[in-house]
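All heavy atoms count here, side chains included; hydrogens, waters and symmetry mates do not.
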Amino acid sequence: MASFSSQKITFTGDGAVAISYKTLLDDPRSLEPSIEKAFGADPSCLGLIVVTDLPDDYPAKRERLLKLANQFASLPESTREKYVDAISSYSFGWSHGKEIMNGRPDTLKGSYYANPLLDDPQVSEEERLQYPWYHRNNIWPSKDEEGIDGFEDAFKDLGRFIFNVGCKLASACQSFASSYLMDNSTSLVSLLESSQTTKARLLHYFPPPTATNEPETEDSWCGTHLDTGRLRATPHLVKAGKPTIDTGIVSRETFAVFMQPNVDKVLSEDDTFGSFSRKIFAKHYDGTTM
């Protein structure tokens, strides 16, 4: 096993492992020590890696979509509710106040979910019925919805860019990840590129209330949780900042792309990805997916 101290590993100011996008493209094998340091079992491993030096057009893609997230969340509630899909456990289209975090509905953030790669998953009718949170068709705002011009295009543009970077990273992780997988007959990249379950989540964190009787917590904007994954999973949260005279009332927008295998992928002796994710959805949506 490589020694962390004997290898050149770059860190962000907050202590996360950082790798260059150029190196990821040109010399991925040189990143193996960084990948082990990011995702290994040592207590110092954080379970995340930061890709730096992204292409020049990335900031514009990101800014475009995150502004649209704020604009969508600012639409009248009656308009937003047109894009809610209860059948998928609110995992396509708009979702607000449906997810259970720390035992109560999470009302401080709203999410817009879609598969950025596929509008119509190519799966059997049985799979559509069994796993609607992955296999429903995308729901997009109407083209004539005022104030959110280009929403679908911006969502897909950034989602596909992130997915492609993720596939490059998955390829670089292949050697390290092999010991965590039940079946190494298929590469990580092949699992991801053939998957019908990729899901992107565009999040808008509503400005926190200026006055409340609730005690302040570290995870006031998003409860402490683990994302699903087969490598190291580190608890994380989002804390809301307090409005000040200088900052005023502040919201937060972000975008996550979850790169996942198909539902029949075997994860352990007891679970496929489909059965595993069913348990996760039941936990966060009050058992409505069971």
Inset, instruction - Please report the closest heavy-atom contact between F206 and T107, naming both atoms and the distance. - result: CD1-O, 4.1 Å
Inset, instruction - Answer with yes or no whether the side chains of T197 and N262 bring together a donor and an acceptor at under 3.5 Å. - result: no
Inset, instruction - Taking atom types as modelled, find out whether D270 and S268 have a side-chain donor-acceptor pair closer than 3.5 angstrom. - result: no
Legend entry - Gap separating the CG atom of N70 from the CD1 atom of I148, nearest 0.5 angstrom: 12.0 Å
Could you pull out all donor-acceptor pairs under 3.5 Å where a side-chain atom in residues 28-35 meets a protein atom, sequence neighbours excluded?
{"from": "S30", "atom 1": "OG", "to": "D27", "atom 2": "O", "distance (Å)": "2.7"}
{"from": "S30", "atom 1": "OG", "to": "D27", "atom 2": "OD2", "distance (Å)": "3.2"}

Legend entry - Donor on one side chain, acceptor on other, K98 and S89, under 3.5 Å: no
Inset, instruction - Working to the nearest 0.5 Å, report the span between CD of E253 and NZ of K109. - result: 13.5 Å
Legend entry - Non-hydrogen side-chain atoms of Y113 and Y90 separated by less than 4.5 Å: no
Legend entry - Qualifying residue, where the test is ring-ring contact (aromatic ring centres under 6.0 Å, His included) with Y112 and the options are F72, F255, W94, F92: F72
Inset, instruction - Determine, for D53 against K22, whether the closest basic-nitrogen to carboxylate-oxygen distance falls under 4.0 angstrom. - result: no
Legend entry - Side-chain touch F161/L54, heavy atoms, less than 4.5 angstrom: yes
Inset, instruction - Output yes when K279 and D271 qualify as a salt bridge under the 4.0 Å nitrogen-oxygen rule, no when they do not. - result: yes
Legend entry - Step-by-step ring pair (Phe, Tyr, Trp, His ring centres under 6.0 Å) determination, Y131 to F273: CA-CA 11 Å; Y131 304 103; F273 179 68; 8.8 Å; no
Inset, instruction - Determine, step by step, whether E145 and Y83 satisfy the side-chain hydrogen bond (donor to acceptor under 3.5 Å, both in side chains) criterion, reporting the C-alpha distance in whole Å, the side-chain angles of both residues, the deciding distance to 0.1 Å, and the verdict. - result: CA-CA 12 Å; E145 204 73 78; Y83 306 107; 2.4 Å; yes
